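Please read the structure below before turning to the comments.
The model shown is predicted, which means the values in this text are computed figures rather than measured ones.
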Amino acid sequence: MRTTLTLADDVAAAVEKLRRERSIGISEAVNDLVRAGLVQERSTAPFVQRTHNFGDGIDYSNVADAIETLDGAATR
């Protein structure tokens, strides 16, 4: 299949590096890099957000009270 691609600078550099190392053409270098990306194993571990309980904090349901608590009464 013949097509036109626009490669990012870092991808083009990787293609050129592989092409020079193996003395192969651009098409073969692109195909090899794409194949390598397709077979690369992905992490199956689920993402877990770590949280920390800082205890009772400020009640943000009333913004004016929260600002007063943080900045003091002089800001009103």
Side-chain angles (χ1 to χ4, degrees):
M1 180 175 119
R2 183 177 285 258
T3 189
T4 301
L5 296 173
T6 302
L7 302 176
D9 291 341
D10 59 329
V11 175
V15 169
E16 184 60 25
K17 179 180 180 217
L18 183 64
R19 190 190 70 71
R20 277 189 265 112
E21 287 174 354
R22 296 187 185 173
S23 298
I24 58 177
I26 292 175
S27 293
E28 190 175 351
V30 169
N31 284 320
D32 287 352
L33 288 171
V34 170
R35 284 186 189 106
L38 291 172
V39 297
Q40 184 179 17
E41 290 187 27
R42 308 242 186 258
S43 173
T44 58
F47 175 78
V48 177
Q49 178 66 48
R50 295 182 189 159
T51 60
H52 180 76
N53 183 359
F54 289 106
D56 293 332
I58 297 170
D59 178 15
Y60 293 101
S61 60
N62 183 328
V63 176
D65 287 347
I67 291 172
E68 185 173 329
T69 300
L70 292 171
D71 294 340
T75 59
R76 271 196 167 189

Salt bridge (charged side-chain N to carboxylate O under 4.0 Å, His left out) partners of residues 3-19, not counting sequence neighbours, each pair once: E16-R19, E16-R20, K17-E21
Closest non-hydrogen atom pair, V11 against L7: CG1-CD2, 4.0 Å
Donor-acceptor contacts under 3.5 Å from residues 25-38 side chains, at least two apart:
unit_1, atom_1, unit_2, atom_2, d
N31, ND2, S27, O, 3.0
D32, OD2, R22, NH1, 2.9

Which residues share a side-chain hydrogen bond (donor to acceptor under 3.5 Å, both in side chains) with S61, sequence neighbours left out: D59
